[in-house]
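Report on the structure given below.
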Amino acid sequence: MALDRLHQHHQAADGLTNLFTKANHDLSVVQYRLEKEFQQIYPDSANPMKLALRIKKIRDDISTLKEQCREVLMAKQDVIDKARTVLVGNRNMLHKMQASMGKPFVSDDDDPAFVQFKQITEEWTTQVQSKIGEDGQEDAESSDVNKLLFSAVVQE
């Protein structure tokens with residue numbers, strides 16, 4: 001009797017397996033027929049099935065690109081922060097050394113390279129802050145460019 005139940009269980013499982021196999025075959029036939037019909041009706045570049053697949057791939061690529069953009073923007077902000085820290089620190093040390101030696105030093109406004117660097121970093125900060133202002137998401141700590149950057153990068 002135990003063998004009878006075991007055999008009945010296998011017959012039910014076999015029936016289910018056969019049902020799924022037939023359903024899979026039927027779906028393959030439908031897919032093949034649709035592909036043939038679309039090839040006949042539409043030119044190759046306008047095939048709705050191919051267009052739908054391309055749209056799905058583009059959507060997947062967009063999410064990947066968004067993440068890569070976030071990484072690039074964070075790296076850019078990191079470079080700007082580090083360059084600003086090093087450059088300003090070095091200029092301050094240079095001014096102290098020049099002062100201790102009694103030599104006059106060039107003011108920040110008379111140094112074209114420093115003026116250009118300040119202009120670039122100010123433009124970046126303004127760009128990030130303007131994105132925040134447009135979205136109305138500016139918080140109380142708007143002076144922290146890194147926080148502004150995170151809320152300004154590629155919006156969902």
Side-chain angles (χ1 to χ4, degrees), residues 1-93 108 111-156:
M1 191 137 77
L3 286 176
D4 215 14
R5 284 187 194 163
L6 186 61
H7 185 65
Q8 288 175 346
H9 178 70
H10 284 298
Q11 286 178 347
D14 288 343
L16 194 56
T17 302
N18 290 338
L19 180 66
F20 284 134
T21 303
K22 183 178 180 335
N24 188 34
H25 178 268
D26 290 346
L27 287 173
S28 295
V29 168
V30 169
Q31 179 183 2
Y32 176 77
R33 287 181 182 168
L34 282 173
E35 286 175 359
K36 286 295 181 188
E37 184 178 332
F38 285 152
Q39 285 176 355
Q40 292 171 353
I41 296 173
Y42 303 104
D44 196 38
S45 62
N47 184 329
M49 289 180 67
K50 288 184 180 182
L51 291 174
L53 291 173
R54 288 172 64 188
I55 289 171
K56 183 184 180 315
K57 182 176 180 341
I58 289 170
R59 284 183 180 158
D60 293 342
D61 290 347
I62 285 174
S63 64
T64 302
L65 288 173
K66 282 182 181 180
E67 185 57 37
Q68 290 173 349
C69 284
R70 284 185 183 100
E71 291 171 10
V72 168
L73 289 172
M74 288 187 315
K76 181 178 181 178
Q77 185 63 47
D78 190 45
V79 167
I80 288 172
D81 290 344
K82 287 178 181 176
R84 181 184 296 144
T85 301
V86 169
L87 184 59
V88 170
N90 287 346
R91 284 190 61 79
N92 289 340
M93 282 196 299
D108 292 347
D111 184 352
F114 190 71
V115 168
Q116 185 178 15
F117 176 75
K118 280 177 39 178
Q119 179 185 1
I120 290 169
T121 57
E122 287 170 6
E123 286 173 2
W124 170 250
T125 303
T126 302
Q127 180 182 4
V128 171
Q129 287 173 338
S130 70
K131 293 254 187 242
I132 297 303
E134 289 172 5
D135 295 339
Q137 297 176 352
E138 190 166 2
D139 59 17
E141 300 178 39
S142 62
S143 60
D144 185 352
V145 176
N146 286 315
K147 288 185 180 179
L148 291 172
L149 174 70
F150 281 111
S151 57
V153 287
V154 184
Q155 297 293 321
E156 293 292 326

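In what follows, residues are counted from 1 in the order of the sequence shown.
Atoms OG1 and CD, on Thr121 and Gln116 in that order, are 11.0 Å from each other to the nearest 0.5 Å. If you take CD on Glu71 and CD on Glu67, they are separated by 5.0 Å, rounding to the nearest 0.5 Å. Expressed to the nearest 0.5 Å, how far NE2 of His25 lies from OG1 of Thr21 amounts to 10.5 Å. Atom CG in Asp61 sits 12.0 Å away from atom CZ in Arg54 (nearest 0.5 Å). Distance check, rounded to the nearest 0.5 Å: CD1 of Ile58 to CG of Leu53 gives 11.0 Å.
Environment of CD in Glu123: crowded, with over 12 heavy atoms of neighbouring residues, nucleotides or ligands closer than 6.0 Å.
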Discussion item. Pair Lys76, Ile80 - check side chain to side chain contact (heavy atoms under 4.5 Å, CB included), show working.
Written reply: CA-CA 6 Å; Lys76 181 178 181 178; Ile80 288 172; 4.1 Å; yes
* To do: May I have the step-by-step check of side chain to side chain contact (heavy atoms under 4.5 Å, CB included) for Val115 and Lys118, ending in yes or no?
  => CA-CA 5 Å; Val115 168; Lys118 280 177 39 178; 5.8 Å; no
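Scanning for side chain to side chain contact (heavy atoms under 4.5 Å, CB included) contacts around Val88 gives Arg84, Asn92, Phe114, with sequence neighbours left out. When the salt bridge (charged side-chain N to carboxylate O under 4.0 Å, His left out) test is applied to Glu37, no partner is found at least two apart in sequence or on another chain.
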Output side-chain donor-acceptor pairs under 3.5 Å for residues 27-36, partner residues at least two apart or in another chain, one line each.
unit_1, atom_1, unit_2, atom_2, d
Ser28, OG, Asn24, O, 3.1
Gln31, NE2, Glu35, OE2, 3.2

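Contact check for Lys56 versus Asp60: side-chain heavy atoms found under the 4.5 Å cut-off.
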